[in-house]
There are 2 protein chains.
Amino acid sequence: MRKEQSSNAINEQFLFQVCALNSAISVISGRWKSQLVYSIYQGNNRFHLLSKALPNIAEQVLARQLKELEAQQILLKKIIPGTTPAGIVYELTLKGRELVPLLQGLCNWSNKFAAGAPVPVPAYQAGAGG
Amino acid sequence: MRKEQSSNAINEQFLFQVCALNSAISVISGRWKSQLVYSIYQGNNRFHLLSKALPNIAEQVLARQLKELEAQQILLKKIIPGTTPAGIVYELTLKGRELVPLLQGLCNWSNKFAAGAPVPVPAYQAGAGG
DNA sequence: TTATTGGCTCACAATTTTGTTCGCTATTGC
DNA sequence: GCAATAGCGAACAAAATTGTGAGCCAATAA
């Protein structure tokens, strides 16, 4: 549970006020979270599909992270009628869908500068070999 | 210190392998971190300037976060010669500079969907009033 | 009757992150 | 001799996140 008056929580709130960037980061920064968003985007829109796509995640953790993403309005749950036990489909909201290209941007950025990747050279240096 | 063999650490590594997205998230997700990148980008390139820009951060925490950002090659330190005590300038690397627009994207995304913001309406619904 | 399915909730333990206290460098100025 | 400056490092405490063990629902198949 949150302490609300801890320095930690106060600093978090402070950052939220400084720039919405920090709220965005806090939304996507939990373990599994952005990967879940991306997995759902790819069509793994059921609990067991996500479980299969990310074999290391415990079901309890999966449930918790999904719940948080729902609270943050990144996704929503829809009950599939006439199934037993009732199945649930996870769908990205507009907010969630618009997050995806940003995540892809981060992915590309990370790949570009990964260890072992060819060193990126600024344009004005490229070919300036002597 | 890291435990390396904890489920937590193993899962983190697992996600790093699934997609570079997860490495990117782990780079920017510490408290203060992306705000520091942005502050440096805005010209607060000295320790005391950052301290002033973010009055709530403890100096030791600031030092630690800067050190981590340096280890992740987001920024680098340059000693100002002939000053006493020796001053240090923080500069974004290419990797750091290319992170900035992604952070701005996250900021815009967050603002767009913030509570109180006008509800974004998909194009095909806009004006479909009957 | 018991196991199985799909999706969870709750409480607690393990781990990690964040903040705090103390101290250090080395020079200038009072 | 002592404070101030600019920038930290180490060790520890507080808080937050993540993982784990147990169990629940309600129908249906074995």
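Within every chain, numbering begins at 1; the chains are lettered A, B, ... in the order of the sequence lines, protein sequences first and strands thereafter.
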Identify each atom pair where a protein N or O and an N or O of nucleotides 25-30 of chain D are less than 3.5 Å apart, giving names and distance.
residue: D:dA27; atom: O4'; partner: A:Thr84; partner atom: OG1; Å: 3.2

Would you list the protein and nucleotides 11-14 of chain C atom pairs, both N or O, that sit under 3.5 Å from each other?
none

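The side chain of B:Trp32 lies closest to C:dG19, out of C:dG7, D:dG19, C:dG19. Nearest to the side chain of A:Arg31, among C:dG7, D:dT18, C:dT18, sits D:dT18. Each of D:dA15, C:dT16, C:dT9 was ranked by its minimum atom distance to the side chain of B:Ala9; first place goes to C:dT16. Distances from the side chain of A:Ala58 to the nucleotides C:dG6, D:dT20, C:dT16 place D:dT20 closest.
Counting to the nearest Å, the C1' atom of C:dG7 and the CG atom of A:Leu76 are 17 Å from each other. Distance CG (A:Leu15) to P (D:dA16): 15 Å, rounded to an integer number of Å. Residue B:Lys52 contributes atom NZ, which lies 9 Å from atom P of D:dA6 at whole-angstrom precision. Atom CD of A:Gln65 is separated from atom C1' of D:dA16 by 13 Å (rounded to the nearest Å). If you take CD of B:Glu59 and P of C:dG23, they are 16 Å apart, rounded to a whole angstrom. Distance CD1 (B:Ile25) to P (C:dT16): 19 Å, rounded to an integer number of Å.
Considering only side-chain N and O atoms, B:His48 lies under 4.0 angstrom from the phosphate OP1 or OP2 of D:dG7. Contact between the side-chain N/O atoms of B:Lys77 and the OP1/OP2 oxygens of D:dG7 is not found at any separation under 4.0 Å. Put simply, A:Asn11 has a side-chain N or O that comes within less than 4.0 Å of OP1 or OP2 on C:dG19.
Note on A:Leu94: it clusters hydrophobically with A:Val100, by side-chain heavy-atom contacts below 4.5 Å among ILVMFWY residues. One hydrophobic cluster, built from ILVMFWY side chains closer than 4.5 Å, cannot hold both B:Leu49 and B:Ile88; they sit in different ones.
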side-chain contact (heavy atoms from CB on, under 4.5 Å) evaluation trace for A:Leu21 with A:Leu15: CA-CA 9 Å; A:Leu21 163 62; A:Leu15 283 171; over 6 Å; no
Given the rule in the side-chain contact (heavy atoms from CB on, under 4.5 Å) test, do A:Gln17 and A:Phe14 qualify, once you have shown the distances and angles that lead to the verdict? CA-CA 5 Å; A:Gln17 290 189 346; A:Phe14 168 77; 5.7 Å; no
Given the rule in the side-chain contact (heavy atoms from CB on, under 4.5 Å) test, do A:Gln35 and B:Asn22 qualify, once you have shown the distances and angles that lead to the verdict? CA-CA 7 Å; A:Gln35 189 60 51; B:Asn22 298 293; 2.9 Å; yes
Given the rule in the side-chain contact (heavy atoms from CB on, under 4.5 Å) test, do A:Val27 and B:Leu106 qualify, once you have shown the distances and angles that lead to the verdict? CA-CA 10 Å; A:Val27 166; B:Leu106 283 169; over 6 Å; no
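Between B:Val61 and B:Gln5, the residue whose closest nucleotide on DNA chain C is further toward the 5' end is B:Gln5.
Across all non-hydrogen atoms, the minimal contact from A:Ser39 to A:Leu50 is CB-CD2, 3.7 Å.
Considering only residues two or more places apart in sequence or on other chains, A:Tyr38 meets the ring pair (Phe, Tyr, Trp, His ring centres under 6.0 Å) condition with A:Tyr41.
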